[in-house]
Amino acid sequence: MAESVAETASESAAKRLVVLVSGSGTNLQALLDAIAETGPAYGAEVVAVGADRDGIEGLARAERAGLPTFVCRVKDYDSRESWDAALTEAVAAYEPDLVVSAGFMKIVGKEFLARFGGRFVNTHPALLPSFPGAHGVRDALAYGAKVTGCTVHFVDDGVDTGPIIAQGVVEVRDEDDESALHERIKEVERRLLVEVVGRLARNGYRIEGRKVVIQ
Ligand code: GRF
């Protein structure tokens with residue numbers, strides 16, 4: 001009896017994650033693998049995966065893991081605002097503690113941020129505030145940067161401008177093209193995302209201006 005009470009308590013303590021994807025979903029997979037390997041001690045569970053498009057490997061990964069999925073495509077709505085409202089409702093239906101944008105290639109709107117601001121985490125493949133936007137890897141390479149990396153941050157109403165939670169550094173090699181560099185960044189990014197989401201979930205945090213303090 002005591003055992004089952006303890007188990008229930010630790011299970012109910014797991015923070016609920018909704019993960020949003022647009023592509024191959026290797027960051028999502030890293031979270032799923034960490035949760036499967038670590039069990040309740042990880043402190044969070046993925047309760048649903050959402051996307052802005054069909055037919056992507058990220059959704060297939062979620063389905064293979066037996067997770068509910070949903071798709072909100074901008075083109076199915078008559079305005080960006082109604083898409084944003086629908087995405088907000090779809091995510092809210094799973095009552096997440098944290099929403100993780102793991103390669104979700106859409107800027108969310110006012111309603112989404114009103115609901116999930118301060119608990120919406122994004123991972124970006126560059127060292128912000130350098131090289132924000134959709135081509136962070138290409139832009140760092142074109143600029144001639146010698147180091148780049150990845151940034152896990154909270155999302156605000158700008159493009160990749162929210163408070164930084166953690167960063168990982170990757171050296172640029174002379175022979176790098178965008179794809180080789182992005183692959184090396186993603187190796188660091190997956191580890192960083194898993195570490196950061198786990199710490200946020202287990203320890204709690206507060207956002208003080210631009211500073212994120214994990215308790
Ligand atoms: C990541 O590098 C993310 O930062 C960027 O797109 C990539 C997504 O990779 N926005 P995956 O879909 O998790 O494999």
Would you check if there is a donor-acceptor pair between the side chains of Glu189 and Thr123 at a distance under 3.5 Å? yes
Atom pair NE2 (His124) and CD1 (Ile185), whose distance is rounded to the nearest 0.5 Å: 9.0 Å
Under 3.5 Å, is there a donor-acceptor pair between the side chain of Thr38 and the main chain of Ala41? no
All heavy atoms of Leu192 vs all of Cys150, minimum pair found to be CD2-SG, 4.0 Å
Write down the atom of Val18, the atom of Pro96, and the distance for their closest heavy-atom approach. CG2-CB, 3.7 Å
Assign the ring pair Tyr94 / Phe70 to parallel, tilted or perpendicular, where the plane angle (0 to 90°) is split at 30° and 60°. parallel
Joint cluster assignment, Val100 & Leu67, ILVMFWY side-chain distance < 4.5 Å: yes
How many angstroms lie between atom CG of Asp33 and atom CG of Leu28, to the nearest 0.5 angstrom? 9.0 Å
Nearest heavy atoms of Pro125 and Thr148, plus distance in Å: O-OG1, 4.4 Å
Honestly curious: do Leu59 and Leu31 fall in one hydrophobic cluster under the side-chain, below-4.5 Å linking rule? yes
Pairing of Asp176 and Arg173 as salt bridge, 4.0 angstrom limit: no
Going only through I, L, V, M, F, W and Y residues with side-chain contacts under 4.5 Å, is there a path from Ile107 to Val121? no
Side-chain (Arg61) to main-chain (Ser24) donor-acceptor, under 3.5 angstrom: yes
Would you call Leu113 and Val108 a side-chain contact if the rule is heavy atoms closer than 4.5 Å? yes
Looking at residues at least two apart in the chain, or sitting in another chain, which of them share a ring pair (Phe, Tyr, Trp, His ring centres under 6.0 Å) with Tyr42? none
Drop me the distance from Glu45's CD to Ile35's CD1, to the nearest 0.5 angstrom. 8.0 Å
Donor-acceptor under 3.5 Å (Asn203 side chain, Gln215 main chain): yes
Let me see the working for Phe112 and Val99 under side-chain contact (heavy atoms from CB on, under 4.5 Å), right down to the final yes or no. CA-CA 11 Å; Phe112 194 94; Val99 184; 4.0 Å; yes
Donor-acceptor under 3.5 Å (Thr151 side chain, Leu128 main chain): yes
Just wondering, do Lys15 and Leu200 contact through their side chains at under 4.5 Å, heavy atoms? no
Could you give the distance from CZ (Phe116) to CG (Leu98), rounded to the nearest 0.5 Å? 11.0 Å
Output every pair passing salt bridge (charged side-chain N to carboxylate O under 4.0 Å, His left out) with a member in residues 88-108, not counting sequence neighbours, ordered by first then second residue. Asp52-Lys106, Glu89-Arg115
When clusters are formed by joining ILVMFWY residues with side-chain heavy atoms under 4.5 Å apart, either directly or through shared neighbours, do Val71 and Val19 land in the same one? yes
Flag, side chain of His182 to backbone of Arg138, donor-acceptor distance under 3.5 Å: no
Cluster overlap Phe154 with Leu20, hydrophobic side-chain contacts below 4.5 Å: no
Can you confirm if the aromatic rings of Phe120 and Phe104 lie within a centre distance of less than 6.0 Å? no
What are the two closest heavy atoms between Val188 and Gly168, and how far apart are they? CG1-CA, 4.0 Å
Just checking Glu178: does its CD atom have more than 12 heavy atoms from other residues, nucleotides or ligands closer to it than 6.0 angstrom? yes
Could you check if a side-chain atom of Arg53 sits within less than 4.5 angstrom of a side-chain atom of Ser22, using non-hydrogen atoms only? yes
Please find the pair of heavy atoms, one from Tyr77 and one from Cys72, that lie closest to each other, and give the distance. OH-SG, 4.1 Å
State whether the side chain of Arg190 and the backbone N or O of Gln29 hold a donor-acceptor pair below 3.5 Å, judged by distance alone. no
Would a distance-only check, ignoring hydrogens and angles, find a side-chain to backbone donor-acceptor pair under 3.5 Å from Asn122 to Val155? no
Do the charged groups of Arg191 and Glu187 touch, with an N to O distance under 4.0 Å? no
CD of Glu111 to CG of Leu87: how many Å apart, nearest 0.5 Å? 10.0 Å
Atom of Ala145, atom of Phe131 and distance for their closest heavy-atom approach: CB-CE1, 4.2 Å
Under 3.5 Å, which donor-acceptor pairs do the side chains of residues 207-214 form with other protein atoms, sequence neighbours left out?
{"unit_1": "Glu208", "atom_1": "OE2", "unit_2": "Arg206", "atom_2": "NE", "d": "2.5"}
{"unit_1": "Glu208", "atom_1": "OE2", "unit_2": "Arg206", "atom_2": "NH2", "d": "3.2"}
{"unit_1": "Arg210", "atom_1": "NH1", "unit_2": "Thr161", "atom_2": "O", "d": "2.8"}
{"unit_1": "Arg210", "atom_1": "NH2", "unit_2": "Thr161", "atom_2": "O", "d": "3.2"}
{"unit_1": "Arg210", "atom_1": "NH2", "unit_2": "Gly162", "atom_2": "O", "d": "3.1"}

In Å, rounded to the nearest 0.5 Å, how long is the span from OG1 of Thr88 to CD of Glu81? 11.5 Å
